[in-house]
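Below is one structure; the comments refer to it alone.
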Amino acid sequence: LIALRGKSTSAPLAEELPRAVWRIAAPGAMGAHHARAVLVDGGEEAPAGFDLYLVRSDDDAERIDGNALRLPPELDYLTPDDVVAVSPDGMRLRVLWRHTSRQNSILLTERCNHYCLMCSQPPKTAIDDHLLAQAFELIRLLPRDTSEIGFTGGEPTLYGKELIDLLRLTHNLHPESEVHVLSNGRRFADPEFAAAWAAVGNPNMMVGIPIYGAEPARHNYVVQAENAFNETVRGIMNLAQLGQRIEIRVVMHKQTAPALPEIAEFIVRNLPFVDQVALMGLEMIGLARANIPELWIDPAEYADQLAEAVLILDRSRVHTMIYNSQLCLMPRSLWPFMVRSISDWKNEYHPECESCGVRDRCGGFFFSSKYKVSENIKALPAPEVTEPAVLSLR
Amino acid sequence: MSKFREQVAFAAPSANWELLPFRFERMGDRVLLTNMVGEYLFLSNEDFERLGERDLPTDSPLVRRLRAKHVIREAGDDLPLELMAMKARTRYRRLAEFTSLHIFVASLRCEHSCPYCQVSRQNSDKGSFDMTLETARLGLDSAFRSPSQNIKIEFQGGEPLLNFDLIEAVVLEAKARNEVAGKNLGFVIATNLALLDDRVIDFCRAHDVYISTSLDGPADLHNKNRPRPGRNSWELATAGIQRVREELGIDRVSALMTTTRSSLGRVREIIDAYVDQGLSGIFLRPLSPYGFAIKTKSFDAYGVEKWLPFYEEGLDYIIELNRTGTPMVEQYAAIVLKKMFTNDDPGYVDLTSPAGIGIGAIVYNYDGDVYASDEGRMLAEMGDTTFRLGNLHRDSYEEIMLSEALLAPLEQSFTGSAPMCGECAFEPFCGADPTYHHATSGDFLGRKPDSGFCRRNMAIFKLLLERYEGDPETRALFRTWASH
C-alpha cells in the first residue's frame with residue numbers, strides 16, 4: 001500500500017505558501033516556474049528562485065535559501081512531474097497525481113445523490129468545492145503527455161456548469177489525453193446538461209455509468225435512491241443520441257450477481273450503443289463493510305452467471321472487461337476478459353498467492369479484502385512456455 | 001440504526017401493473033412470451049396464470065423479469081415505451097432504406113437442365129433470351145433511383161456467364177454512375193461456375209465482383225440434381241469454388257444448396273461436402289413451390305414433414321461440428337437468431353415483414369419486365385404474372401414502385417395484422433411471404449393452419465429455442481451466429 005499523504009518533519013514555514021498545488025520539478029530544473037516545487041537530493045546544488053523546495057535531509061533544508069520542506073519518509077517515492085497539495089504552513093502533504101502511475105483519479109467531491117450499499121467513497125454532505133478548485137489547478141499543472149485523466153466523486157455532475165468548465169479546460173490543455181469521468185448518469189436525463197457535456201467536444205472523453213439491474217427495483221435498492229434507474233437510463237440514451245462515449249459499470253455482489261445475465265441482456269438490447277462494459281469485483285471498503293450480509297458472495301459462486309453475462313455481451317460485440325477479480329476464482333474462459341485493474345496503491349496479495357504462478361497476471365486484492373476473502377483462493381501453476389495461449393471466447 | 005432502506009422501500013408504489021403488448025405460445029410445461037421486438041422469456045404455467053390474472057405483487061422475482069423484458073409497466077412509467085420505440089425503430093430502419101438488392105437476369109439460357117429449375121431455357125437463340133444493354137441501362141436507372149445507400153447488383157440467369165459481355169458493360173457503367181451517386185455499390189454473379197474462365201476471373205478481380213454458386217452436396221447427388229452434357233456439374237462447380245477462393249479471395253464465393261427428394265436422408269453428407277470444400281456456411285433450404293418444381297412433381301415429392309427431420313438432423317450435426325472444432329454456420333438459423341437476439345432484422349426477403357418483395361429486392365428480367373421477387377419471376381414463367389410490376393421500357397420508376405401489384409401483396413400479407421400471425425408469439429422472428437402463399441393458396445395472406453411456410457418456420461423457431469435453452473455451448477454458438 002502506497003501512502004498518499006504525509007506530515008513533514010520540518011518546522012512550520014514562517015510565511016504562508018503562495019499556493020496549494022505544486023508540480024514536482026527535477027533537482028536540476030531551470031526556469032523558476034511559479035508552481036514548481038524542486039526536489040532536492042543529498043547535497044546537490046539547488047536551482048535558485050523557486051517558491052518551494054522538497055528536501056530529504058535537514059542538512060539540505062538548511063542549505064537552501066527559500067521555503068524548504070522535509071519530505072515525509074512515506075512519500076519518499078515522489079518523482080518529477082508528480083503533483084502534490086501542500087498546506088499553507090507546509091506541514092501536510094497530499095499526493096494528487098503520480099506521473100508514473102496509470103491509475104490516478106481526481107476526486108471532485110464527496111457529495112452524492114446516491115447512497116450505494118457498497119460505496120467505496122462514502123458520501124458526505126459538507127460543501128467541498130475546494131476539491132473542484134484544486135482539480136482546476138491540477139489540470140493546469142499536468143504535463144501535456146499525460147495519457148489518462150480520470151475524474152471521480154461522489155457525483156461530479158452535481159457541479160453542473162463548473163464540471164463542464166473543468167472538462168473544457170481539460171480538453172483544451174490536454175487534447176490527446178483519454179478523459180474518464182465516473183457518474184451515476186442521472187443528471188444527463190436533463191437534455192440541456194447532456195448537450196452541454198457533448199458541447200465540450202472531446203472525442204477522447206468517456207463517462208462511466210453504473211447499472212445494477214435490468215429494471216428499477218434492483219437498481220434503486222442498490223443505489224438507495226428512488227427514480228434513479230429511469231433517470232440513469234434516460235441519461236444514457238440522451239448521451240448516446242449526442243454521440244458520446246459511454247462505459248457501463250456493474251459492481252458484482254450478492255444483490256447484482258444473480259441478475260448479471262439479465263443485466264447483460266438489458267444492455268445489448270436497450271443500450272447496444274455503449275462503448276464498453278466493465279464488470280467489477282466488490283471493493284470491501286467504505287459502506288460495503290457495513291453491509292457485508294447484504295453484499296458478500298464468494299466470487300466463485302457467481303462465476304457461472306458472470307460467464308453467461310460475458311458471453312451475451314461479447315457475442316453482441318460489446319467490449320467487455322472484468323475488473324477487480326482473481327484468476328483462481330474464475331473459469332479459464334473468462335481470463336482473457338480479466339484486467340489487472342486494482343489501483344496499485346491498493347493492491348495486496350493473500351499469503352496463498354506467494355507461490356502462485358500467475359500472480360503477475362492477476363488483479364490481486366484490495367488491501368481492504370482482509371475483511372472478507374473468498375475461501376477458494378488458491379495458488380495456480382505457472383503456465384508452461386509450451387502451453388498454447390488461453391482460448392478467447394471470440 | 002442503519003441508514004439503509006430495505007428492498008421493499010424500492011418496490012413499485014402500487015401493484016397496479018399495466019400490460020404492454022406481448023404474445024405467448026405454450027411450449028410443453030412452459031409458456032413462451034415475446035414482446036413486440038422479439039425479446040422473449042419463458043414462464044411456468046403458474047406464473048403465466050398470475051400474469052393473466054394480474055395477480056402480481058409490487059415486487060417479486062417474477063415482476064422483475066416481466067419488467068426487464070417490458071411485458072408490464074408501472075402505470076405512468078414511460079421509459080419502457082421509449083425503449084420499445086427505440087428498438088422498434090431500429091428493427092424497421094431498413095424500410096426507410098428501401099430496395100438494396102437489384103437482380104439483373106442477364107440471360108435465361110443455361111447449359112444445365114435441372115429438373116427443378118423454374119426458368120432456364122436450353123438450346124435457345126442467343127438473341128431472344130439475353131438482356132440487352134439498352135434494357136440493362138434502364139435497370140441501372142431504376143437501381144440508382146433507390147434511396148438506399150447500399151446497392152447490390154446481382155446477375156442471375158439462366159446462366160449469366162452466357163451473357164458476360166453484358167455483365168462487363170453493366171459493372172463498368174454502374175461504377176461510372178457511382179462516381180456521382182457515391183453509394184456502397186457491390187456486385188454478385190450467381191453462376192454454376194461451369195463457364196468460369198480467365199476473362200471472368202480477371203474481370204471479377206479487377207472490379208470486386210463476388211460469386212454465388214450452387215453446391216447440392218456430394219458429387220453423385222449434385223450431378224443427379226444438375227444434369228449437363230458431360231455429367232460433370234459437380235466437378236466444374238467445386239473446381240470453380242477453389243479457383244475463386246485462391247485467385248479472388250477466400251470469402252469471395254458462397255454456395256447455396258437445393259434440397260430435392262434425393263437429398264433427404266443425406267444431410268450429413270451434404271454438410272460434409274461443404275466442409276470438404278472449405279466453406280464455412282451452408283444454407284439449408286427447401287425447394288420452393290414454383291415453376292418447374294411443381295411441374296415436374298419434384299416439389300410434391302416431399303412436404304414440411306419430410307423437410308423438418310432433414311433440417312433438424314442437419315442443424316444438430318452442424319452444432320456438433322462446431323463443438324469439435326470445425327466452424328460452420330447454418331445461415332437460415334443465423335437469420336432467425338439475429339431476429340431473436342438483436343434489434344436487427346437482416347431483411348431476408350422470405351422472412352421479413354412487411355415483405356421484402358420490391359422494397360428489399362427487385363428483379364429486372366432479361367426482357368425488361370420488373371418483378372417483385374425472383375419467385376415472382378418464376379411464377380410468371382408458369383403463366384402467372386401476379387408479381388409483374390411493370391416493364392422498364394414502358395413504365396416509370398414511380399409507376400413500378402407504386403403499382404397495385406406491389407402495394408397489394410405488401411399490405412395484405414403484413415404479419416402484424418394477418419389473422420393468426422398478429423397473435424403469434426413467433427411473429428417477431430417470422431415474415432410475410434406473399435409469393436409463397438399466393439403460389440400455394442391463391443391469395444397473398446394464405447390460411448395459416450394450412451400453410452407449409454407457417455408449419456416449417458414455427459417448428460424451426462421452437463427447435464432453435466430448445467437448442468439454445470438446453471446447452472451453454474450451443475448458446476455461445478447461436479449468439480455468435482446472431483451477431484454475424
Side-chain angles (χ1 to χ4, degrees), chain A residues 115-119 122-123 189 213-234 236-238 240-241 255 258-259 261-266 268-273 287 290-291 294-295 304 307-308 310-318 333 393-394, chain B residues 2-13 35 37-41 57-74 76-80 82-87 90-91 325 337-338 340-344 472-484:
Chain A
Y115 200 73
C116 300
L117 296 175
M118 66 295 177
C119 185
E215 42 66 52
R218 189 183 307 269
H219 178 88
N220 292 350
Y221 168 61
V222 171
V223 305
Q224 294 278 305
E226 274 142 34
N227 223 9
F229 180 81
N230 280 20
E231 285 183 15
T232 294
V233 171
R234 279 209 177 86
I236 292 170
M237 291 167 78
N238 285 343
Q241 247 169 5
Q255 300 301 326
E262 201 176 289
I263 294 170
E265 285 265 15
F266 182 82
V268 303
R269 288 308 280 259
N270 297 282
L271 309 171
F273 37 71
L287 299 183
N291 288 312
E294 282 76 26
L295 297 176
D304 285 350
E308 184 85 13
V310 169
L311 170 81
I312 291 166
L313 292 165
D314 179 59
R315 298 296 163 111
S316 304
R317 302 182 181 194
V318 176
S333 65
L393 269 177
R394 268 169 221 282
Chain B
S2 172
K3 287 191 210 166
F4 297 99
R5 288 182 286 164
E6 303 288 324
Q7 298 214 23
V8 61
F10 300 96
N35 68 17
V37 292
E39 290 173 281
Y40 75 83
L41 69 165
T58 55
D59 189 20
S60 74
L62 172 63
V63 163
R64 290 182 180 192
R65 291 183 68 207
L66 294 169
R67 293 179 86 179
K69 292 285 167 74
H70 301 147
V71 175
I72 59 172
R73 69 158 177 167
E74 227 182 285
D77 179 4
D78 286 340
L79 184 66
E82 290 164 29
L83 290 169
M84 292 294 277
M86 182 190 68
K87 288 180 274 192
T90 308
R91 169 151 293 221
L337 292 166
K338 189 178 263 308
M340 282 180 176
F341 296 113
T342 78
N343 299 325
D344 279 334
E473 274 191 68
T474 305
R475 277 206 284 286
L477 180 67
F478 281 11
R479 287 271 178 184
T480 309
W481 290 2
S483 62
H484 229 57

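Throughout, a chain's letter reflects where its sequence line sits, starting with A, and its residues are numbered from 1.
- For chain B, the option among A/Pro216, A/Ser316, A/Gly213, A/Pro272 with the highest count of heavy-atom pairs below 4.5 Å is A/Pro216.
- Between A/Phe266 and A/Phe229, the ring planes lie tilted relative to each other; the angle falls in the 30° to 60° range.
- Remark: aromatic rings of B/Phe341 and B/Phe478 are distant, center separation not under 6.0 Å.
- Residue B/Asn343 touches chain A through both its backbone and its side chain, counting heavy-atom pairs closer than 4.5 Å.
- Of all the listed residues (B/Thr90, B/Leu83, B/Asp78), the one sharing the greatest number of non-hydrogen pairs under 4.5 Å with chain A is B/Leu83.
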Show your reasoning for whether salt bridge (Lys or Arg N to Asp or Glu O under 4.0 Å) applies to A/Glu215 and B/Arg65.
CA-CA 8 Å; A/Glu215 42 66 52; B/Arg65 291 183 68 207; over 6 Å; no
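- With a 4.5 angstrom heavy-atom cutoff, A/Ile263 does not touch chain B via any of its atoms.
- Proximity to chain A is absent for every atom of B/Leu66, based on heavy atoms less than 4.5 angstrom apart.
- Across A/His219, A/Arg218, A/Arg269, A/Met237, the residue that shares the most heavy-atom pairs under 4.5 angstrom with chain B is A/Arg269.
- Looking at A/Ala225, the atoms closer than 4.5 Å to chain B (heavy atoms on both sides) all sit in the backbone: N, CA, C or O.
- For A/Glu226, the parts lying under 4.5 angstrom from a heavy atom of chain B are both the backbone and the side chain.
- Using a 4.5 Å cut-off between heavy atoms, B/Arg91 contacts chain A through its side chain alone, with no backbone atom that close.
- Looking at residues two or more places apart in sequence or on another chain, you find a side-chain hydrogen bond (donor to acceptor under 3.5 Å, both in side chains) between B/Lys87 and A/Asn270, B/Glu39, B/His70.
- You'll find the side chain of A/Gln224 reaches within 4.5 Å of the side chain of B/Phe10, heavy atoms only.
- When only modelled atom types and interatomic distance are considered, A/Asn220 and A/Asn227 share no side-chain donor-acceptor pair under 3.5 Å.
- For B/Glu74, no part lies under 4.5 angstrom from a heavy atom of chain A.
- Per-residue counts of heavy-atom pairs under 4.5 Å with chain B were compared for A/Val268, A/Val233, A/Leu271; the largest is that of A/Val233.
- The salt bridge (charged side-chain N to carboxylate O under 4.0 Å, His left out) contacts involving residues 474-484 of chain B comprise A/Glu265-B/Arg479, A/Glu308-B/Arg475, where partners must be two or more places apart or lie in separate chains.
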